[in-house]
Amino acid sequence: MRSTAPCQFETKRGKNKTKSCNRDAMPQRVMFEGAGPGSQVPAHMTRVPISLIGPDADYSDKTVKVRLQRPAMCTGKVVRIGRLVSLASDNNLLKTVIQEEDSPPNASAQNPSINVVLFGGLAKDFNQAVNQGDVVVASGFTVGRSPTVHKDKLHPFNLLLSGDEARVYVCPPPPPPPPPDPRSLPADKRCSALHAEVSRATKAPKYTYSGLDALKAGSVVNAYGVVVFFKQPFKSRGTDLCSTLKITDQSNQRIACSVFGEKLENHPKVFQVGDIVRLHRFKVQFFNSSMTLVNTFGFSVLAFDGAEGGSMEPRTSSRSFHLDQEDRRTVEELRSWAAGQALLPPTPTTPLSAAQPKAYFDLTCQLLAKAPIDSTCTLLRVWDGTRCAHTLLKVTVEPDATEGPSSFSEARERLIANILVYDNHVELAGQLKPGDFLRIYNLRAIPGSSKVPGHASSHQQEEEEVDHLAFHLHGGTAYGRGIRVLPENSPDVQEMKRVMEAVPDEDDFSELNDSQLLEVWSTPPESAEAEPMECSAERSCGHDTRTVTLSDLKRSDPGLVHHVRVQLRSYEPHRLHQALKLYCSKCTSMEDVPNDELVARLFSEASEDPAPCSPPAWALSGRVAIPGERPAPPTRAVGVHLSTRLLGEDRPKELLFLSGSTLEETRRLAAGYQNVVPVRSSGGHMALLDLSAPFLFRGLKRYFGCKRCSEAAVREPVCAEGLEPIDEKVLAEALGVQLLQFVLLMKLELQDASDRLDVFLWRDAESFFGVSAEDAAANQEAQNSIRQTMASLCPAGGSTDLVSGGRPWMDLCLTAYRTEDEAGRNQTCYQICHSIITKPASTHSNANPA
DNA sequence: GTTTAGGGTTGG
């Protein structure tokens with residue numbers, strides 16, 4: 001392993017007063033090493049080359065994911081640092097890419113790179129400690145499949161750093177080039193190894209930078225500044241494009257700055273207020289009682305992310321620029337100064353979900369399609385992965401005129417905003433390509449019906465589009481109005497893509513919009529619309545028993561099976577949802593399914609608990625926006641807790657613990673995830689809700705636990721090798737919940753010519769109806785099937801007369817058994833078993849066999 | 001080694 005130069009780290013960061021990487025105060029997880037990893041990393045560790053990370057490596061026989069068997073570490077140079085993603089007040093995630101520094105001799109041309117994902121405090125500490133180019137050593141990591149391997153073409157596995165064992169050692173970068181003046185080097189020190197660096201240094205002039213309070217009219221200067229206002233390049237009245245900026249620095253002067261240039265790529269790549277620019281060769285002019293800066297021949301502009309801990313990669317199209325340690329330090333100083341000045345907007349852009357009528361805002365989005373409307377207006381169809389709380393304006397254009405798809409699925413359409421860009425922006429819009437990531441500045445959300453040029457709406461359409469939100473990018477450049485293509489690697493685009501990836505699949509969305517499904521059981525009137533269907537019942541048993549009358553049967557000894565031919569006289573309960581019960585196979589208790597009112601109350605009580613909840617160590621906590629419904633209330637965010645293990649296995653949608661959500665929100669979110677477990681805070685810990693509430697939502701299905709037999713606690717489920725799907729059984733087991741089974745229980749009053757008899761339909765109810773109770777609890781089709789069957793066997797309001805009532809005759813098998821009633825008296829009960837409903841296509845006989 | 005712009009919203 002390489003050893004990097006000592007002490008650089010100290011000079012670079014140790015003395016930086018604003019950086020909060022005080023060694024004494026820092027947690028021990030990120031270690032700052034003055035010397036290289038070779039001398040600091042514990043000697044007992046085995047270094048695993050990046051190329052050998054994965055399931056086939058010989059250091060483990062486990063597959064998919066492995067906690068390394070013996071102390072192992074992995075080292076590489078930091079080539080990319082993602083943005084610190086805050087998931088909750090005390091939880092974070094940061095992704096970085098490290099590259100092997102010294103490949104084995106027989107390795108392929110390019111050094112392998114791997115994604116490293118850090119969680120929690122480690123991510124935060126690392127974010128403050130690391131700079132691009134640093135060498136890091138990671139240990140105590142787990143390895144998970146990389147969900148982004150197809151996109152980033154990096155290593156098929158990720159290093160995952162979370163928990164107490166995870167460590168990252170941050171080491172300084174290789175020594176910087178020698179001083180820029182080669183004359184200061186003795187001739188005999190200009191050895192060949194340094195030659196390239198030296199020759200580059202001779203070309204790079206030593207720049208001095210003017211403070212913004214020390215500008216003298218007529219001079220040409222270099223300067224740094226934090227952007228406080230900017231306009232994207234726009235066409236000037238002359239020959240060039242013009243960018244205007246206003247910048248500031250520690251002097252608090254605000255200096256206007258103009259950049260002229262024919263080519264877009266030579267303009268500063270400023271994307272948001274707070275960005276930092278470095279200007280070379282700008283002329284100072286006096287205008288309107290203050291100094292301004294204008295580019296001169298041979299100028300250059302670099303732009304940097306203004307966020308503390310942000311990337312040091314300068315944004316420029318220039319292939320030759322000089323950037324040294326001093327520049328990096330200046331940027332860092334401006335960043336920390338600006339952070340204290342609150343110059344950066346708290347929310348640089350507004351997602352569609354937060355767009356408010358009449359408001360101006362900046363939008364980061366992806367272009368899906370565009371179409372010219374007329375010479376002064378172009379339609380841009382964009383999305384950002386969030387759903388606007390307001391109904392969006394629909395704009396119809398000819399499919400032929402559209403670049404990109406001319407239509408999308410209904411689900412996707414609900415996420416697409418139509419933006420009308422006008423006048424001077426039309427030309428730039430013409431250069432945009434579907435797929436581009438955009439930032440649109442000073443976009444306006446306009447409520448109410450909106451007329452689109454050339455698409456005069458009829459009166460009726462106008463009525464329909466009241467309250468719809470339209471987005472306009474008005475003409476002009478006031479307030480920085482404009483459009484900029486963002487590079488895909490920009491942190492904001494990366495963040496947006498994460499949101500987009502979390503959007504449920506389109507199938508899930510179609511379920512989402514059928515949220516009425518669950519209300520069916522409690523929605524009267526029943527069977528009014530159910531078309532009576534001719535059906536009957538027949539036995540599926542193999543008993544060789546002759547058919548008896550009900551009066552014969554009543555005189556028989558219990559404990560036998562009987563065959564009868566009967567009609568259904570009446571049944572209970574008439575409200576089908578009351579027939580659905582929860583049965584515990586352990587304590588054999590049966591209870592009603594809690595109604596939504598009760599369950600909703602439990603959810604709201606659980607989310608009212610103000611006690612802070614510390615999620616378990618294995619959980620990654622954050623917040624998620626609830627998809628809105630029409631008419632949508634403002635979108636709300638609720639707490640989510642994910643299993644880091646599942647995340648590492650690229651199974652993020654398989655299990656979600658949800659806190660603080662209402663029943664309705666839980667139901668809505670459940671449509672997009674395989675398993676949603678509602679949780680609450682209890683004594684500072686994460687706990688399940690009262691077991692009267694479902695402990696699990698799977699799509700439209702809900703699962704309950706037995707209060708008597710469960711010892712519930714929130715635990716991470718264990719799945720063998722990541723192959724076993726997570727279902728209600730796996731989760732019940734993991735959570736200590738005794739799973740209750742949905743059953744159907746009905747009491748039927750049977751009749752024949754001889755007598756009447758009350759019988760239960762329970763154990764064989766599912767096969768009788770050909771419908772599972774679990775489906776019946778969640779699925780309208782299943783419910784309809786049962787309702788139709790009952791309506792057919794026992795028409796509502798129909799006569800019970802054996803002949804004129806017209807009720808179908810059923811051949812049933814009954815078992816008789818003895819039980820005790822509540823008073824302890826013996827009684828005989830009957831149950832329908834081994835009998836199934838038959839639904840003949842057309843022929844049906846009413847013939848009375850008696 | 002010229003000019004442009006030099007912030008602050010009409011709205012379709």
Side-chain angles (χ1 to χ4, degrees), chain A residues 215 217-220 225-248 253-264 266-268 270 272-273 275 277 279-301 343 345 356-363 371-380 393 395 397 418-426 429 440-457 462 465 468-482:
Chain A
L215 302 176
S219 61
V220 172
V226 181
V227 175
V228 293
F229 173 79
F230 64 100
K231 285 184 180 182
Q232 293 303 341
F234 59 93
K235 239 183 173 168
S236 72
R237 277 188 250 270
T239 57
D240 291 331
L241 293 171
C242 174
S243 298
T244 66
L245 304 175
K246 192 161 275 178
I247 60 173
T248 188
Q253 293 287 317
R254 292 187 163 224
I255 300 296
C257 176
S258 301
V259 181
F260 295 100
E262 264 184 299
K263 293 179 185 164
L264 181 65
N266 294 333
H267 283 260
V270 171
Q272 71 172 68
V273 166
D275 282 354
V277 288
L279 312 175
H280 280 181
R281 295 190 67 80
F282 273 63
K283 185 165 62 188
V284 182
Q285 293 177 337
F286 190 74
F287 178 81
N288 261 357
S289 72
S290 61
M291 298 300 173
T292 60
L293 292 168
V294 182
N295 60 321
T296 62
F297 185 74
F299 79 101
S300 95
V301 185
L343 289 175
Q356 292 302 321
K358 294 186 180 172
Y360 290 95
F361 65 105
D362 296 344
L363 176 69
I373 301 292
D374 64 20
S375 63
T376 68
C377 181
T378 292
L379 168 69
L380 301 181
L393 170 82
V395 180
V397 291
N418 290 310
I419 296 177
L420 296 166
V421 310
Y422 290 96
D423 304 340
N424 54 316
H425 308 296
V426 167
I440 304 179
Y441 299 91
N442 199 234
L443 189 58
R444 182 144 200 227
I446 297 180
S449 81
S450 202
K451 291 181 197 71
V452 177
H455 294 257
S457 31
E462 267 177 38
E465 298 196 342
H468 287 200
L469 220 46
F471 296 98
H472 288 213
L473 185 67
H474 295 308
T477 64
Y479 281 91
R481 238 176 242 162

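By convention in this document, chain letters (A, B, ...) are assigned in the order of the sequence lines, proteins followed by strands, and residues within each chain are numbered from 1.
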key: Nearest-Å distance for atom pair CZ/C1', residues Phe234(A) and dT4(B)   = 8 Å
query = Nearest-Å distance, CD (Gln232(A)) to C1' (dA5(B))?
reply = 16 Å
ask   = Taking all atoms of both residues into account, what is the closest heavy-atom pair of Ser258(A) and Phe282(A), and its distance?
value = O-CE2, 3.9 Å
request  = Consider the side chain of Lys231(A), meaning its heavy atoms from C-beta on, and name the nucleotide among dG11(B), dA5(B), dG8(B) that approaches it most closely.
outcome  = dG8(B)
message = Nearest to the side chain of Arg237(A), heavy atoms from C-beta on, is which of dT4(B), dG7(B), dG12(B)?
response = dT4(B)
request  = Kindly write out the residues that satisfy ring pair (Phe, Tyr, Trp, His ring centres under 6.0 Å) with His280(A), not counting sequence neighbours, or none if the list is empty.
outcome  = Tyr207(A), Tyr209(A)
remark   = Of the listed dA5(B), dG12(B), dT4(B), the closest approach to the Asp240(A) side chain comes from dT4(B)
task = With sequence neighbours excluded, tell me which residues meet side chain to side chain donor-acceptor pair (under 3.5 Å) with Thr477(A).
result = Lys231(A)
ask   = Would Phe260(A) pass as stacked on dT3(B), i.e. its ring centre under 5.5 Å from the base's six-membered ring centre and planes under 30° apart?
value = no
ask   = Would you say the side chain of Thr292(A) and the base of dG6(B) hold a donor-acceptor pair, judged only by whether the two atoms sit under 3.5 Å apart?
value = yes
request  = Would you mind classifying the nucleic acid contact of Phe230(A) as base, sugar-phosphate or nothing, using non-hydrogen atoms under 4.0 angstrom?
outcome  = nothing
message = Determine whether the aromatic ring of Tyr422(A) stacks with the base of dG11(B), defined as ring centroids separated by less than 5.5 Å and ring planes inclined by less than 30°.
response = no
task = Calculate the interatomic distance between Glu262(A) atom CD and dT2(B) atom C1'; express it in whole Å.
result = 13 Å
ask   = Looking at the side chain of Phe297(A), which of dG12(B), dG7(B), dG1(B) is the nearest nucleotide?
value = dG1(B)
ask   = Expressed in angstrom and rounded to an integer, what is the separation of Asn424(A) atom CG from dG12(B) atom P?
value = 17 Å
request  = Measure the distance from CG on Asp374(A) to P on dG11(B) and round it to the nearest whole Å.
outcome  = 18 Å
dG7(B) glycosidic torsion: syn (within 90° of 0) vs anti = anti
request  = Calculate the interatomic distance between Asn295(A) atom CG and dT4(B) atom P; express it in whole Å.
outcome  = 13 Å
message = Categorize Gly475(A) for me: base, sugar-phosphate, or nothing, with a 4.0 angstrom heavy-atom threshold over every strand shown.
response = base
query = Is Arg444(A) touching bases, backbone alone, or none of the nucleic acid, heavy atoms closer than 4.0 Å?
reply = sugar-phosphate
request  = Please determine, for the side chain of Thr239(A), which listed nucleotide (dG7(B), dG12(B), dT3(B)) has the closest atom?
outcome  = dT3(B)
remark   = Sorted by position of nearest nucleotide on DNA chain B, 5' first, the leading residue of Thr244(A) and Gly476(A) is Thr244(A)
message = Measure CG/Asn288(A) against C1'/dG7(B) and give the value in whole Å, please.
response = 12 Å
Straight-line distance of Asp423(A) CG to Ser375(A) OG, nearest 0.5 Å = 9.0 Å
note = By nearest-nucleotide position on DNA chain B, the 5'-leaning member of Ser236(A) and Thr477(A) is Ser236(A)
